Amino acid sequence: MKKKILIRDLTLRDGQQSSFATRMTQKQIDSVLTFYKDADFYAAEVWGGAVPDSIMRYLNEDPWDRLEKIRVGFGGKTKLTALSRGRNLFGYNPYPDEVIEGFNRLAIKNGIDIMRIFDALNDLDNMKSTIKFVKENGGITDCAVCYTVDPVFTFMEKVKGVFSNKKIPPKIFTVDHFVEKAKILENMGADIITIKDMAGLIPPDVSNEIIKKLKKEVKVPIDLHTHCTPGYGLASVLVAIVNDVDIVDTVIMNFAGGPAAPSFELIQIFCEKMRIDTGVNLDAVNKINKELYGIRKELDKFDEAKQFPIEFDISNYSLPDNVNKLFDDAISAAKAERIEEALNCCLEIEKYFNFPASDEVVKAAQIPGGMYTNMLAQLKQVGLDHLLDKVLKTVPRVRLDSGLPPLVTPTSQIVGVQAVHSVVSENKGEEFYANKSMQYVNLVKGVYGKTPYPIDPEFREMICGTREESPYDVSLYTKQENPALPEFENVKLAKDEKEELLLELFPAVATGFLRGKREVEYKKMIAELRAMEEVENRKIQEEAEKYNALSPDEKKLILLDGLYNNW
């Protein structure tokens with residue numbers, strides 16, 4: 001009997017978000033749904049993350065409509081999953097329970113089966129309410145532990161004990177650290193535990209250790225989620241499979257690799273060779289992949305890599321002998337824990353299939369690719385991109401000062417933005433923290449939750465004006481206004497609970513989107529009323545013309561008939 005592994009397909013959410021800035025239109029989504037219905041993936045991530053914001057902002061599309069159409073298109077054969085940031089949902093500040101409950105209830109009611117829940121600080125308290133509300137509404141709780149690495153300091157920095165006049169801490173982000181988080185989440189009600197490595201920083205040797213230990217100490221299914229930017233992704237997933245991970249996250253080939261997750265097709269080949277059943281309909285996957293090729297061409301201006309994998313049919317293929325041997329050698333090396341050899345084989349496999357090479361800058365800096373590109377863009381805006389190396393060296397200091405937050409959205413961006421601000425300030429001859437972003441101030445203050453490492457009270461006082469940690473007080477939360485729109489006959493901006501939630505979660509973007517939606521509806525209503533009026537006027541005119549064409553005697557008869565009926 002074959003072993004089994006479950007595949008979560010990320011193509012329609014994380015795949016397109018990582019590679020094409022979440023610009024897939026509903027028309028493009030619709031073109032692959034008929035094939036997804038028969039693909040038989042265990043699960044497909046289709047919503048949450050940047051999808052609701054981006055499709056309103058850039059495509060003028062309704063996030064709830066997208067979810068409904070995907071639900072219908074999949075036909076209930078695959079579990080649909082979404083990504084949520086716990087109490088913070090999609091923003092920075094925590095939300096009150098009524099907003100969290102409403103979002104999760106409606107997401108599940110409208111098609112989501114599995115809610116992947118994470119917190120950017122790995123503050124598990126920030127995940128409690130979402131776990132509770134997902135379970136109450138019949139959903140599956142997929143609780144993610146965000147993988148990150150300890151900052152790297154030079155020997156002299158360690159000797160001096162540097163930066164904020166405090167010693168550099170011992171290693172925090174060990175295998176045991178992540179396993180302990182997973183065990184607590186299991187006790188909190190997690191149905192699945194995911195190691196969420198959105199930056200692709202988990203090397204295969206750590207994947208080897210962490211999956212082994214999780215399988216021994218945690219009873220619920222374990223999922224590995226990683227990306228390919230630094231080049232570790234494929235090997236780390238292979239090693240996880242060898243160590244009996246329950247679920248792996250993949251992307252269909254034409255959207256895979258580089259900043260996205262590993263290719264499903266490569267994972268499928270590994271599984272076939274190890275006699276592991278994925279349960280996926282390969283013919284359907286090939287049809288999706290062909291459709292994705294055309295979609296990717298349509299998304300060309302958002303495609304930074306512009307490097308397509310080779311044409312490949314996973315349902316009917318043969319490999320050159322040397323490539324076939326690379327797969328076999330990678331498996332043998334992974335099983336024998338010759339991790340470096342397995343990694344090298346995987347890199348050669350990806351090279352043959354023409355996936356992007358490892359990003360050596362991101363790999364060396366040990367930061368997410370998106371964080372790197374954002375910092376570079378910031379510097380270019382002020383003509384200081386020559387300071388990028390200094391910014392990269394500054395990131396560990398900024399991160400240490402702020403309690404070593406994991407480098408995951410949004411904390412990676414908060415740290416990156418502050419590193420740029422600080423280097424620019426120093427370049428002007430100002431103090432290092434002369435220019436502070438509000439998000440960095442709130443991170444240090446404790447607004448977003450507890451950081452993995454305690455923040456020095458003196459540093460907090462310097463940045464925030466208080467020595468004490470100050471969590472966000474949800475009693476201060478003000479519900480977004482839902483005004484009547486006089487220009488559209490006083491209809492409300494948000495007409496139902498789903499739209500009210502869009503307004504709560506994305507106030508700036510949703511206000512413009514919903515106003516545009518109300519305007520379209522109003523113009524349609526006016527057009528329909530005018531059309532009805534025109535029809536009525538035509539009827540009256542036709543009746544008048546018929547009457548005028550009658551003889552005087554016929555007109556008298558009609559008049560007498562009318563008088564008689566009224567009498």
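Computed from a predicted model, the values in this text were never measured in an experiment.
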Original post:
Out of curiosity, Ile140 CD1 to Arg116 CZ, how far, rounded to the nearest 0.5 Å?
Top reply: 12.5 Å
**OP:** Sort and list the pairs that fulfil ring-ring contact (aromatic ring centres under 6.0 Å, His included) and have at least one residue in residues 481-508, not counting sequence neighbours.
**Re:** Phe90-Phe506, Phe488-Tyr522
**OP:** Just jot down the side-chain hydrogen bond (donor to acceptor under 3.5 Å, both in side chains) partners of Arg105, sequence neighbours excluded, or say none.
**Re:** Glu101, Glu497
Original post:
Who pairs with Phe513 by ring pair (Phe, Tyr, Trp, His ring centres under 6.0 Å), at least two apart in sequence or on another chain?
Top reply: none
Subject >> Stepwise side chain to side chain contact (heavy atoms under 4.5 Å, CB included) test for Phe118 and Leu83 >> reply: CA-CA 8 Å; Phe118 78 102; Leu83 183 69; 3.7 Å; yes
Original post:
Who are the side-chain hydrogen bond (donor to acceptor under 3.5 Å, both in side chains) partners of Lys495, not counting sequence neighbours?
Top reply: Glu521
**OP:** Name all residues meeting the side-chain hydrogen bond (donor to acceptor under 3.5 Å, both in side chains) criterion together with Thr478; count only those two or more places apart in sequence or in a different chain, and write none if there are none.
**Re:** none
Subject >> Nearest-0.5 Å distance, OH of residue Tyr440 to CD1 of residue Ile463 >> reply: 6.0 Å
**OP:** Flag the pair Arg71 and Glu68 as a salt bridge only when some basic side-chain nitrogen lies within less than 4.0 angstrom of an acidic carboxylate oxygen.
**Re:** yes
Original post:
Under 4.0 Å between a Lys/Arg side-chain N and an Asp/Glu carboxylate O for Glu217 and Lys212?
Top reply: no
**OP:** Answer with yes or no whether the side chains of Thr148 and Arg399 bring together a donor and an acceptor at under 3.5 Å.
**Re:** yes
Original post:
Is there a donor in the side chain of His227 and an acceptor in the side chain of Asp14, or the other way round, less than 3.5 Å apart?
Top reply: yes
Original post:
Leu124 versus Leu185: any side-chain heavy-atom pair under 4.5 Å?
Top reply: yes
Original post:
With no hydrogens and no angle check, do the side chains of Asn435 and Ser425 hold a donor and an acceptor under 3.5 Å apart?
Top reply: no
Subject >> Which residues share a ring pair (Phe, Tyr, Trp, His ring centres under 6.0 Å) with Tyr58, sequence neighbours left out >> reply: none
Original post:
ring-ring contact (aromatic ring centres under 6.0 Å, His included): which pairs involve residues 371-422, sequence neighbours left out?
Top reply: none
Original post:
Tyr232: what forms a ring pair (Phe, Tyr, Trp, His ring centres under 6.0 Å) with it, not counting sequence neighbours?
Top reply: none
Original post:
What pairs with Ser422 under side-chain contact (heavy atoms from CB on, under 4.5 Å), at least two apart in sequence or on another chain?
Top reply: Gln418, Phe432, Tyr433
Original post:
In a check of side chain to side chain donor-acceptor pair (under 3.5 Å) between His225 and each of Asp197, Thr194, Asp249, which one passes?
Top reply: Asp249
**OP:** Can you measure from CE (Met371) to OG1 (Thr411) and round to the nearest 0.5 angstrom?
**Re:** 8.5 Å
Subject >> Arg460: side-chain hydrogen bond (donor to acceptor under 3.5 Å, both in side chains) partners, not counting sequence neighbours >> reply: none
Original post:
Looking at residues at least two apart in the chain, or sitting in another chain, which of them share a ring pair (Phe, Tyr, Trp, His ring centres under 6.0 Å) with Tyr95?
Top reply: Tyr477
Subject >> Note: Lys523-Glu519 ion pair, threshold 4.0 Å (strictly below) >> reply: yes
**OP:** Salt-bridge test for Arg8 and Glu45: reply yes if a basic N is under 4.0 Å from a carboxylate O, no otherwise.
**Re:** no
Original post:
Between the side chain of Trp47 and the main-chain N/O of Pro63, is any donor-acceptor distance below 3.5 Å?
Top reply: yes
**OP:** List the steps, then state whether ring pair (Phe, Tyr, Trp, His ring centres under 6.0 Å) holds for Phe255 with Phe20.
**Re:** CA-CA 9 Å; Phe255 275 29; Phe20 314 114; 4.7 Å; yes
Original post:
So does Lys492 pair up with Glu499, basic N to acidic O under 4.0 Å?
Top reply: no
Subject >> Pair Glu186 + Lys219, salt bridge at N-O below 4.0 Å >> reply: no
**OP:** Just do the side chain to side chain contact (heavy atoms under 4.5 Å, CB included) check on Val382 and Val420 with the steps written out, would you?
**Re:** CA-CA 11 Å; Val382 290; Val420 171; 6.0 Å; no
**OP:** Could you walk me through whether Lys135 and Asp191 pass the salt bridge (charged side-chain N to carboxylate O under 4.0 Å, His left out) test, one step at a time?
**Re:** CA-CA 9 Å; Lys135 288 181 115 32; Asp191 298 310; 3.0 Å; yes
Subject >> Any pair counted as side-chain hydrogen bond (donor to acceptor under 3.5 Å, both in side chains), so long as it reaches residues 78-88, sequence neighbours left out >> reply: Arg87-Asn126
Original post:
Is the closest basic N to carboxylate O distance between Lys498 and Asp62 below 4.0 Å?
Top reply: no
Original post:
Are any of the side-chain nitrogens in Lys213 or Asp176 under 4.0 Å away from the carboxylate oxygens of its partner?
Top reply: yes
